[in-house]
Structure formats: structure tokens, C-alpha cells
There are 2 protein chains.
Amino acid sequence: MGSKQSPDSRQSHSTRQRQAVLHSTRSSPLFRSTQEIHTELRSAGESVGLATVYRHLQSLAGEGVLDTLQTKKGELLYRCCRSDGHHHHLVCEHCGRTTEIDGEEIEAWIEQAAIRHGYTNVSHTFEMFGLCDACRRGSAKG
Amino acid sequence: MGSKQSPDSRQSHSTRQRQAVLHSTRSSPLFRSTQEIHTELRSAGESVGLATVYRHLQSLAGEGVLDTLQTKKGELLYRCCRSDGHHHHLVCEHCGRTTEIDGEEIEAWIEQAAIRHGYTNVSHTFEMFGLCDACRRGSAKG
DNA sequence: GTTACTGCAAAAACTTTGCATTATT
DNA sequence: AATAATGCAAAGTTTTTGCAGTAAC
């Protein structure tokens with residue numbers, strides 16, 4: 001179970017653009033959209049095409065080099081992977097800071113629930129959003 | 001905690017179009033996209049504009065009348081609510097059938113995890129995808 | 001009669017694709 | 001030199017918006 005086929009990762013040459021994209025994701029602890037990363041690269045003086053950024057982010061995510069996160073509105077965001085195993089994110093909606101959460105308990109729960117309902121080959125999406133401690137203190141609430 | 005402000009739900013008049021949209025979501029056990037629902041309505045002879053379907057689905061979801069589900073690729077799907085409380089979905093990727101899962105355990109786990117990391121006002125996204133029993137039997141696997 | 005909804009079509013936002021050019025191995 | 005990546009711009013998708021007309025209360 002769970003044998004991952006090698007994703008179709010073209011884009012394996014080590015080009016300046018690929019390095020730039022990778023470096024950009026490593027330079028920020030936040031998950032960011034393709035467009036944001038592209039803008040950042042341009043601002044930093046890197047000349048990279050938007051399509052190229054799209055291609056590399058997809059490729060890198062497919063290879064497991066980057067983590068992806070889907071916002072509630074459906075945007076796909078990218079960030080460098082911090083850990084190997086399967087994990088989830090606790091994202092501060094105010095500052096964007098992310099805490100990785102080991103999902104063992106949840107995985108077990110999911111497995112149970114799936115079996116109980118006769119499902120197999122189960123995958124899932126799971127993200128948590130909230131207000132981190134620092135932001136709670138900083139931003140007074142009405 | 002968790003006091004929901006009333007969403008800005010305009011579209012409160014009971015019009016033929018609103019009824020049609022609502023009826024359509026009730027006529028199918030599956031989560032469907034706005035475009036799919038619009039197409040279905042048109043096929044059924046209902047004259048409804050696409051923008052109107054978008055507006056009503058958003059409105060109804062905001063009011064809690066419809067459930068939403070986000071696919072892995074970011075599409076937002078709608079279906080009539082089956083239960084009041086907070087719950088999650090186990091979606092068959094083959095036939096689209098959905099099983100609602102009470103999320104009490106998971107809610108508790110999330111609460112714990114959030115507190116442990118100093119987060120407050122936590123919300124989450126969580127969906128499970130798999131192959132249901134019927135489809136597993138039906139579709140032979142390589 | 002007033003207010004809100006509808007539909008169209010235009011616009012907006014985002015992502016993918018074709019192809020000639022350029023860089024990498 | 002051969003092969004793959006790049007960049008641009010065009011095309012493809014999906015969702016939102018403006019506004020005149022229409023329906024609901």
C-alpha cells in the first residue's frame with residue numbers, strides 16, 4: 001500500500017532558474033503562491049518567466065522537494081519541505097507562520113474511519129488555520 | 001469561541017432560480033461544481049444564468065444550507081447538507097459517493113494540537129478520499 | 001412602488017501550452 | 001551536437017462584476 005510511482009518529473013537539469021525557484025522557497029518559512037514567488041524572484045533581480053516558475057514548482061512538489069498547501073479558497077501554495085514523513089500544518093492566518101504537526105494520531109484515526117466504512121486506498125487533505133500566540137498578543141481583538 | 005458572524009447573505013428572496021439551484025443540489029447525493037449544476041439545470045429545462053448559480057451556491061453555502069467540499073485540485077463543490085453538526089467527508093474517488101463522518105474525535109485532537117502550539121481561533125479543512133467498497137469490488141485493479 | 005434578483009457579456013484572475021531560442025550535458 | 005529548459009504571448013479555465021431589465025415583496 002502506498003507505493004508511489006515516480007512522478008513525471010521533467011525539469012531535471014540544474015539551471016539557474018530552477019536554483020532560483022528552489023532558493024526562493026527556502027528563503028521563506030511561509031507557503032506562497034506561484035505568482036508570489038515569481039514576483040519575489042523578479043524583485044530580487046532574477047529574470048525568470050512565470051511559466052517557468054509554474055513548471056518548477058509543480059515539478060519540485062511532485063518530486064517531494066516542496067510541500068504544498070491548499071488554502072480554503074483553493075489556492076495552491078508551496079514551501080520547502082521541513083520533514084520527510086507525512087505531516088500537516090498549523091498556519092497562522094495573521095502572520096503566515098507555519099507549524100508542522102506530526103500526523104500519526106490522525107493517520108491512525110483516518111485509517112480506522114476508512115475501514116469502518118469499507119473504504120480503501122484512502123488519502124486525505126488536512127490543514128489547520130488559526131491565530132498564533134504572538135499574533136494573538138499583538139493584535140487586540142474587538 | 002467560534003461565534004460565527006452572519007455571513008453577508010444577500011439573495012434572500014425566494015425566486016424560481018434560487019429554488020431551482022436548491023432543488024438541484026438536493027436531487028443529487030454527490031458534490032458538484034457550480035458549472036456542473038448549471039449545466040444540469042439547463043439540461044433540465046430550467047433557464048438560469050451561470051452567474052446566478054454562482055451567486056446562489058455561494059449564498060446558500062454561507063447560510064449553512066449547503067455543504068462545500070474542496071477537491072485536491074482546488075475546485076469547490078456543493079451539496080445539500082445532511083447533518084447539522086460539524087462533520088467531514090469520505091469521498092469515493094471512483095463513483096463520487098460520499099459518507100459523512102462525525103468529527104468529534106478529530107475535533108478534540110485538533111483542539112489539543114492547537115493549544116499545545118499556542119494557537120487559538122483554530123479552524124481546519126479536512127477531507128478523505130478513497131475507493132468505496134462497491135467500487136473496489138467492481139473495478140479490478142492491475 | 002421600491003428593493004432585490006437575473007442574465008448577459010465583459011473583465012479579471014490564474015494556469016497551461018506552443019514554439020522558436022538558449023542553455024546544459 | 002543533442003536534448004531539455006526558457007520565455008513570451010496566446011489560449012484555456014473558472015469566477016466575478018456592471019448594469020439594464022425583471023420579478024418579488
Side-chain angles (χ1 to χ4, degrees), chain A residues 6-25 30-63 65-79, chain B residues 6-25 30-63 65-79 96 125:
Chain A
S6 54
D8 67 331
S9 46
R10 284 70 211 287
Q11 232 94 351
S12 48
H13 283 189
S14 182
T15 63
R16 175 179 60 77
Q17 289 87 342
R18 186 179 175 88
Q19 292 305 315
V21 170
L22 197 46
H23 181 265
S24 174
T25 62
L30 307 181
F31 279 89
R32 290 172 303 163
S33 70
T34 306
Q35 309 249 5
E36 285 171 331
I37 290 170
H38 176 246
T39 300
E40 200 248 322
L41 287 171
R42 284 295 179 88
S43 302
E46 283 288 350
S47 166
V48 191
L50 176 59
T52 300
V53 179
Y54 268 102
R55 288 189 273 235
H56 278 305
L57 288 175
Q58 288 170 354
S59 167
L60 289 165
E63 293 165 28
V65 177
L66 297 184
D67 241 354
T68 61
L69 175 120
Q70 195 176 123
T71 66
K72 290 177 186 172
K73 58 185 273 286
E75 276 184 314
L76 205 53
L77 309 180
Y78 300 87
R79 197 190 65 165
Chain B
S6 55
D8 66 331
S9 47
R10 284 69 211 285
Q11 232 94 351
S12 48
H13 282 190
S14 183
T15 63
R16 176 180 59 78
Q17 289 87 343
R18 186 180 176 86
Q19 292 306 313
V21 169
L22 197 46
H23 181 265
S24 175
T25 63
L30 306 181
F31 280 88
R32 291 172 303 164
S33 70
T34 306
Q35 309 250 6
E36 284 172 332
I37 290 170
H38 176 246
T39 300
E40 200 248 323
L41 286 170
R42 284 295 180 88
S43 301
E46 283 288 350
S47 166
V48 190
L50 176 59
T52 299
V53 179
Y54 269 102
R55 288 188 273 234
H56 279 304
L57 288 175
Q58 289 168 354
S59 167
L60 289 165
E63 292 165 29
V65 177
L66 297 184
D67 241 355
T68 62
L69 175 121
Q70 195 176 122
T71 66
K72 290 177 184 171
K73 59 184 272 283
E75 275 184 315
L76 205 55
L77 309 180
Y78 301 87
R79 196 189 64 167
T125 62

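Labels below follow one simple rule: chain letters A, B, ... track the order of the sequence lines, proteins then strands, and each chain is numbered from 1.
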(request) Give the C-alpha distance, both sets of side-chain angles, the deciding distance and a yes or no for side chain to side chain contact (heavy atoms under 4.5 Å, CB included) between B/T52 and B/V21. (result) CA-CA 9 Å; B/T52 299; B/V21 169; 5.7 Å; no
(request) Scan for salt bridge (Lys or Arg N to Asp or Glu O under 4.0 Å) pairs involving residues 30-48 of chain A, sequence neighbours excluded, and state none if there are none. (result) A/R16-A/E46, A/R32-A/E40
(request) Look up atom CD in B/E63 and atom NE2 in B/H56, then write down how far apart they are to the nearest 0.5 Å. (result) 10.0 Å
(request) Could you tell me whether the side chain of B/S24 and the main chain of B/A20 form a donor-acceptor pair under 3.5 Å? (result) no
(request) Only counting residues at least two apart or in another chain, list the ones meeting ring-ring contact (aromatic ring centres under 6.0 Å, His included) with B/Y78. (result) none
(message) Tell me whether the side-chain N/O atoms of B/H56 come closer than 4.0 Å to OP1 or OP2 in C/dT6.
(response) yes
(message) Please encode protein proximity along nucleotides 8-25 of chain D as a string of B, S and -, counting only heavy-atom distances under 4.0 Å.
(response) B-----SBBBB-------
(request) Compute the bend angle of the helix from C/dG1-D/dC25 to C/dT25-D/dA1 from the end axes (five pairs per end), rounded to 10°. (result) 30°
(request) Using a 4.5 Å cut-off on heavy atoms from C-beta on, say whether the side chain of B/D67 contacts that of B/F31. (result) yes
(request) Mind checking side chain to side chain contact (heavy atoms under 4.5 Å, CB included) for A/Q19 and listing every partner two or more places apart, or none if nothing turns up? (result) A/S14
(message) In whole Å, I'd like the distance from the CD atom of A/Q17 to the P atom of D/dA4.
(response) 17 Å
(request) Round to a whole Å and report the spacing from NE2 of B/H38 to P of C/dA9. (result) 12 Å
(message) Rounded to whole Å, how long is the line connecting atom CZ of A/R32 with atom C1' of C/dC14?
(response) 18 Å
(message) Between C1' on D/dT6 and CD on A/Q19, what's the gap in Å once rounded to a whole number?
(response) 15 Å
(request) Give, for atom CZ of B/R55 and atom OG1 of B/T34, the distance between the pair rounded to the nearest 0.5 Å. (result) 12.5 Å
